Amino acid sequence: MCYAIPGKIVELKGKIAVIDYFGEHKNALNEFVNAQVGDYVYAQGGILVDKIDEDDAIPILSFWKDRFAELKKIDNKISKIETSKPKNEFEEIIQKAQQGNLLQKQEALTLLKTNEPEKLKLLYKTANSLRQKNLENACCVHGIIEFSNYCRNNCTYCGIRSDNKELKRYKMSPDEIVEAAVHAVKELGFKALVLQSGEDTSYTTKDLVAIIKKIKQQCGVLLSMSVGQRSQNCYKEMYDAGARGVLLRFETSNQELYKKFHKGPKANFQERIDLLKYLNKLGYIIATGSIIGFPNQTEEDILNDILLTKSLNAEMYSFGPLIPHPQTPLKNTELSDIDTILKVLAVSRFIDPNSKILVTTALETLDKDSGKQRGLLAGANSLMINVTPSRFRKQYTLYPGRPDRDKEITKNIEETLKLLYSLGRAPTDLGI
Ligand code: SAH
């Protein structure tokens with residue numbers, strides 16, 4: 001079983017490969033594998049990551065063929081909405097978004113400030129239908145390896161902050177990281193991985209480059225790095241080594257809040273934004289976003305977070321609730337309710353209809369039973385599954401109560417796939 005369906009290249013337009021998935025065409029960059037028309041390939045994030053022999057691709061495709069059509073049917077049914085004449089201003093805004101019009105700031109704010117259950121239901125349903133209309137049932141499933149919980153930063157919300165002396169620290173050796181990544185690709189079937197850590201500068205640029213190169217030599221995978229504010233040179237070298245994605249949240253667009261809560265040697269908001277812009281220019285796929293639920297954060301701030309994410313040309317929106325950690329200064333912060341987060345996902349879908357919107361682990365933590373499902377039905381179309389070896393996973397405590405903490409990786413994968421299929425989602429690439 002795997003979380004990506006192979007497609008067949010039907011056309012090459014310069015550096016762009018057009019891939020056919022059961023009649024649906026998606027574009028991807030022809031990198032890494034030097035593919036030709038007629039080749040079977042895996043793509044992730046709009047980049048070709050691996051070729052697969054026709055003999056191996058055919059049985060996988062025949063397994064998927066009927067299932068793919070079935071899933072689409074399920075998704076179409078679930079995401080269908082009836083349109084009726086708007087009865088109030090809220091419904092007018094919803095209809096405007098549904099028809100593919102961009103919302104004014106004030107209109108988006110009205111949506112973020114909504115609290116009535118019936119209106120929220122309509123908001124989520126509309127975001128889900130817009131997701132289906134623009135991107136069909138494609139869903140990204142990334143694996144994440146958390147390779148070190150050492151961090152030079154001291155953010156007041158984060159459990160791995162440098163002042164947290166109660167935390168047992170760990171760092172995986174480069175060989176352990178490579179082994180975990182290759183295992184996730186070859187044994188567990190992932191085609192996209194995120195390597196995340198605290199800002200741990202004990203891994204030099206040379207170390208990170210060597211890790212990326214070794215993984216890329218051994219398997220075809222889209223590698224994203226989530227290692228914080230490293231130098232431009234470090235990111236350039238990691239790109240040259242084969243990394244193509246970056247997950248780096250700006251945490252909050254409100255500079256006052258940023259200054260108050262994000263602490264550390266590199267805690268400069270503008271530098272973080274400049275780095276994100278540089279990374280985008282370098283060609284990285286950007287995943288960014290913010291934390292929802294800082295004390296004194298307003299709906300205006302949240303809307304600015306969504307707009308900043310868009311202006312940074314993000315491919316993936318990453319928004320999640322602040323989960324108070326008992327060993328941090330923000331331990332007594334009030335926990336957001338799930339609707340606060342679902343609203344952000346839905347409004348993000350309206351503001352950037354073609355984006356990938358992530359259901360974060362923090363959202364899953366907020367509602368262990370149905371956070372994932374509710375996120376996917378409110379406009380989201382991306383997931384991450386924790387594939388950190390279990391002996392380390394317990395210590396990567398950005399926040400407490402993570403549902404994946406003690407779960408077997410294979411069980412987590414199984415449950416996630418079951419959920420995706422029940423919602424009619426399929427792991428094809430979203431294309432570019
Ligand atoms: N060093 C990397 C990874 C940081 S940890 C970087 O700087 O990007 C990943 C994310 O966890 C952070 O960006 C932050 O948004 C989130 N996080 C940290 N503490 C949290 C908490 N208490 N609740 C929710 N999210 C938290």
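Counting convention: from 1, in listed order, for ligands and their atoms alike. Predicted model only: the values in this text are computed from it and were never measured.
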A.B. asks: Between N233 and S231, does any side-chain donor sit less than 3.5 Å from a side-chain acceptor?
C.D. replies: no

A.B. asks: What are the atoms of ligand 1, with element, lying closer than 4.0 Å to any heavy atom of E251?
C.D. replies: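 It comes down to these atoms of ligand 1: 12 (C), 13 (O), 14 (C), 15 (O).
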
A.B. asks: Does either side chain, that of Q395 or that of R169, offer a donor lying less than 3.5 Å from an acceptor on the other one?
C.D. replies: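 Side chains of Q395 and R169: no pair found under 3.5 Å.
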
A.B. asks: Which option wins on minimum heavy-atom distance to atom 26 (C) of ligand 1: F319, Y399, F261, F294?
C.D. replies: Y399

A.B. asks: What are the atoms of ligand 1, with element, lying closer than 4.0 Å to any heavy atom of C158?
C.D. replies: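 Those atoms are 18 (C), 19 (N).
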
A.B. asks: Quick one: does S197 get within less than 4.0 Å of ligand 1, heavy atoms only?
C.D. replies: yes

A.B. asks: For ligand 1, find out whether one of its N or O atoms is nearer than 3.5 Å to an N or O atom of Q229.
C.D. replies: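 No; every N/O pair is 3.5 Å or more apart.
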
A.B. asks: For D50, which of K186, K216, K191 qualifies under salt bridge (charged side-chain N to carboxylate O under 4.0 Å, His left out)?
C.D. replies: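 That would be K191.
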
A.B. asks: Looking at every heavy atom in both R272 and E199, which two are closest together, and how far apart are they?
C.D. replies: NH1-OE2, 4.0 Å

A.B. asks: Looking only at heavy atoms of G293, does any of them come nearer than 4.0 Å to an atom of ligand 1?
C.D. replies: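 It does not; every heavy atom stays at 4.0 Å or beyond.
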
A.B. asks: Do any heavy atoms of G320 fall under 4.0 Å from ligand 1?
C.D. replies: no

A.B. asks: Between D406 and K394, is the closest basic N to carboxylate O distance under 4.0 Å?
C.D. replies: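 Yes, this pair counts.
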
A.B. asks: Which residue holds the protein heavy atom closest to atom 24 (C) of ligand 1, what is that atom called, and what is the gap in Å?
C.D. replies: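 Going by distance alone, atom 24 (C) of ligand 1 is nearest to P321 O, 3.1 Å.
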
A.B. asks: Give a yes-or-no answer on whether the side chains of E166 and Q327 include a donor-acceptor pair shorter than 3.5 Å.
C.D. replies: yes

A.B. asks: Just to be sure I read this right, does ligand 1 sit under 4.0 Å from the backbone of Q196, its side chain, both, or neither, counting only heavy atoms?
C.D. replies: side chain

A.B. asks: Looking at atom 17 (N) of ligand 1, what's its closest protein heavy atom, distance included?
C.D. replies: I291 CD1, 4.0 Å

A.B. asks: Go through ligand 1 atom by atom and flag the ones less than 4.0 Å from a non-hydrogen atom of L322.
C.D. replies: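 So the answer, numbered in order with elements, is 23 (N), 24 (C).
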
A.B. asks: I'd like to know if K407 and E415 make a salt bridge, using a cut-off of under 4.0 Å between side-chain N and carboxylate O.
C.D. replies: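 So K407 pairs with E415 through a salt bridge.
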
A.B. asks: Among side-chain atoms of S253 and D305, is any donor-acceptor pair under 3.5 angstrom?
C.D. replies: yes

A.B. asks: Can you sort out which atoms of ligand 1 are near L248, meaning under 4.0 Å from one of its heavy atoms?
C.D. replies: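 Here the atoms of ligand 1 in question are 8 (O).
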
A.B. asks: Could you tell me if R244 sits above the aromatic ring of Y284, with its cationic atom closer than 6.0 Å to the ring centre and no more than 45 degrees from the axis?
C.D. replies: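 Not satisfied by the 6.0 Å and 45° rule.
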
A.B. asks: Applying a 4.0 Å heavy-atom criterion (strictly less than), which segment of C155 is in contact with ligand 1: side chain, backbone, both, or neither?
C.D. replies: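 No part of C155 is near ligand 1 at this cut-off.
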
A.B. asks: Just let me know how R272 lines up against ligand 1, side chain, backbone, both or neither, with a heavy-atom cut-off below 4.0 Å.
C.D. replies: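 Side chain only; the backbone of R272 stays clear of ligand 1.
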
A.B. asks: In this structure, is the centre-to-centre distance between the rings of Y278 and Y235 below 6.0 Å?
C.D. replies: no

A.B. asks: Would you indicate which of I323, T365, L363 comes nearest to atom 21 (C) of ligand 1 when only heavy atoms are counted?
C.D. replies: I323

A.B. asks: Is it the case that the ring center of F147 lies less than 6.0 angstrom away from the ring center of Y203?
C.D. replies: yes

A.B. asks: Among protein heavy atoms, which lies nearest atom 16 (C) of ligand 1, and at what distance?
C.D. replies: R249 NH1, 3.7 Å

A.B. asks: Report the nearest protein non-hydrogen atom to atom 11 (O) of ligand 1: residue, atom name, distance rounded to 0.1 Å.
C.D. replies: L398 CD1, 3.5 Å

A.B. asks: Would you say H325 contacts ligand 1, with heavy atoms under 4.0 Å as the rule?
C.D. replies: no

